[in-house]
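Read through the structure below, which is laid out as structure tokens, and then see the notes.
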Number of protein chains: 2
Amino acid sequence: MPEPQPQSWRSACPVNIALEILGDRWTLLILRDVLLFQRSTFKDFQESPEKIASNILADRLKKLQQHGILESHRSESDARVIAYRPTTKGLDLLPVLIELILWTDRYEETGAPRRSIARLRRAPHEVIAEIKAAFADPTKVAKRSGK
Amino acid sequence: MPEPQPQSWRSACPVNIALEILGDRWTLLILRDVLLFQRSTFKDFQESPEKIASNILADRLKKLQQHGILESHRSESDARVIAYRPTTKGLDLLPVLIELILWTDRYEETGAPRRSIARLRRAPHEVIAEIKAAFADPTKVAKRSGK
DNA sequence: GAATTCAATTGCATTTTGCAAGTGATACCG
DNA sequence: CGGTATCACTTGCAAAATGCAATTGAATTC
């Protein structure tokens with residue numbers, strides 16, 4: 001059989017479910033900051049060049065936690081600060097983010113440095129492994145609370 | 001040097017540019033229908049289970065063409081029908097779509113058949129190659145106009 | 001040539017977004 | 001200590017995007 005009839009599963013389609021969670025202007029941008037740029041606090045996200053509004057940011061952070069993509073804890077060094085970290089589910093969005101970056105780099109004018117993109121293109125799994133390792137190692141990310 | 005400082009390129013970030021184009025509830029759903037389910041007409045898209053409104057659909061189809069992701073031509077067999085096809089740029093979104101599907105399948109309840117997902121996970125490039133080949137071969141897709 | 005199909009468009013109500021200005025809790029500084 | 005600054009939000013309101021139903025005009029079928 002050369003082709004299965006690709007028809008049936010449009011209804012409960014993974015793409016649809018994914019877009020209910022990620023399909024908006026800001027959610028993946030927050031995840032980019034968390035996963036690729038080591039940002040972790042509300043302030044960090046607000047300072048990103050895209051200037052997300054604080055009410056939207058608060059809403060998206062809440063939803064990302066409800067979906068189990070991010071988790072948060074109060075900083076032990078400064079009790080005002082809440083640090084957000086990706087869960088495993090969040091880390092597993094790295095391939096999506098990377099493919100999105102590679103596509104954009106191929107077809108649009110971006111300010112991404114050649115070096116970083118070339119590496120992402122050549123060895124995406126290496127980059128993913130490094131990032132996952134960094135998040136697994138508590139010394140490499142913002143100090144965790146007592147929890 | 002173990003790590004480059006991953007900081008600089010947040011401003012003109014590929015993720016941001018990608019989300020300006022794709023970052024909404026409907027755009028990737030249309031592309032799913034085009035790329036994965038052989039849909040090509042306005043009516044096809046309207047009949048998708050997510051029930052996109054016709055004004056939104058018209059708007060997104062226009063934008064996808066402006067971004068060079070889809071192209072359209074009038075059917076030669078029925079001049080009312082306008083068929084939409086992906087450009088190369090559009091086809092190159094397949095990896096993004098596939099990673100999105102694999103992530104969703106891993107973490108959410110979907111109605112996607114095991115077989116299709118397993119194949120996407122095992123040999124994504126094979127699937128991509130097949131789909132690209134199908135679009136390259138005019139007999140395999142909706143008849144093209146004289147253009 | 002009347003009814004139907006297709007790809008939209010229009011008008012309007014509802015929802016979501018963006019912006020500016022707070023708020024309360026904690027931290028820092030003299 | 002007391003005052004100011006910082007942090008993570010929240011609130012109120014205007015503007016924009018979305019969803020819905022009805023309509024349009026061209027092309028096709030009956």
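Since the structure is predicted, the reported quantities are computational estimates derived from the model, not experimental observations. So that the names make sense, note that chain A is the first sequence line, chain B the second, and so on, each numbered from 1. Values reported hereafter were calculated over all heavy atoms of this structure, with side chains retained and with hydrogens, waters and symmetry mates removed.
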Distance in angstrom units between B:His73 NE2 and C:dA7 P, rounded: 12 Å

To the nearest angstrom, how far is B:Phe45 atom CZ from C:dA7 atom C1'? 12 Å

Going by an N to O cut-off under 4.0 Å, is there a salt bridge joining B:Glu50 and B:Arg25? no

Backbone N/O of A:Pro113 and side chain of A:Arg115: donor-acceptor pair under 3.5 Å: no

Does the pair B:Glu108/A:Lys89 count as a salt bridge with the N-to-O cut at 4.0 Å? yes

Distance check: side-chain N/O of A:Trp26 vs OP1/OP2 of C:dG18, anything under 4.0 Å? yes

Examine distances only and state if a side-chain atom of A:Arg85 and a backbone atom of A:Phe135 form a donor-acceptor pair shorter than 3.5 Å. yes

Worked check of side chain to side chain contact (heavy atoms under 4.5 Å, CB included) between B:Ile101 and B:Leu36: CA-CA 11 Å; B:Ile101 289 171; B:Leu36 264 22; 3.5 Å; yes

Work out which heavy atom in B:Phe42 is nearest to a heavy atom in B:Ser54; give both atom names and the distance. CZ-O, 3.5 Å

Within the 4.5 Å heavy-atom criterion, are A:Asp105 and A:Arg114 side-chain neighbours or not? yes

Spacing between A:Ile30 atom CD1 and D:dA8 atom P, to the nearest angstrom: 13 Å

Measure CG/A:Asp44 against P/D:dC9 and give the value in whole Å, please. 13 Å

For B:Gly68 and B:Thr87, which heavy atoms make the closest approach, and how far apart are they? O-OG1, 2.6 Å

How long is the line joining CD of B:Glu50 and P of D:dC20, in whole Å? 13 Å

Grab the N/O contacts between the protein and nucleotides 25-30 of chain D below 3.5 Å, and write none if there aren't any.
{"residue": "D:dT28", "atom": "OP1", "partner": "B:Ala79", "partner atom": "N", "Å": "2.8"}

Euclidean distance, atom CD of residue B:Gln46 to atom C1' of C:dT9 [Å, nearest integer]: 12 Å

Carboxylate-amine/guanidinium contact B:Glu47 B:Arg39, below 4.0 Å: no

Using the C1' atoms of the five pairs at each end, what is the angle between the end axes of the helix from C:dG1-D:dC30 to C:dG30-D:dC1, to 10°? 20°

d(CG, B:Asp24; C1', D:dG19) in whole Å: 14 Å

Rounded to the Å, how far apart are B:Leu70 CG and C:dA7 P? 14 Å

Compute whether any side-chain donor of one residue and acceptor of the other, for A:Ser75 and A:Asp78, lie under 3.5 angstrom apart. no

Main chain of A:Thr27, side chain of A:Arg60: is a donor-acceptor contact present, judged purely on distance under 3.5 Å? no

For a quick check of understanding: with a heavy-atom distance under 4.0 Å over all strands, which category does B:Tyr84 fall into, base, sugar-phosphate or nothing? sugar-phosphate

For DNA chain C, determine which residues of residues 51-67 of chain B have any heavy atom closer than 4.0 angstrom to one of its atoms, and list them numerically. B:Ser54, B:Asn55, B:Ala58

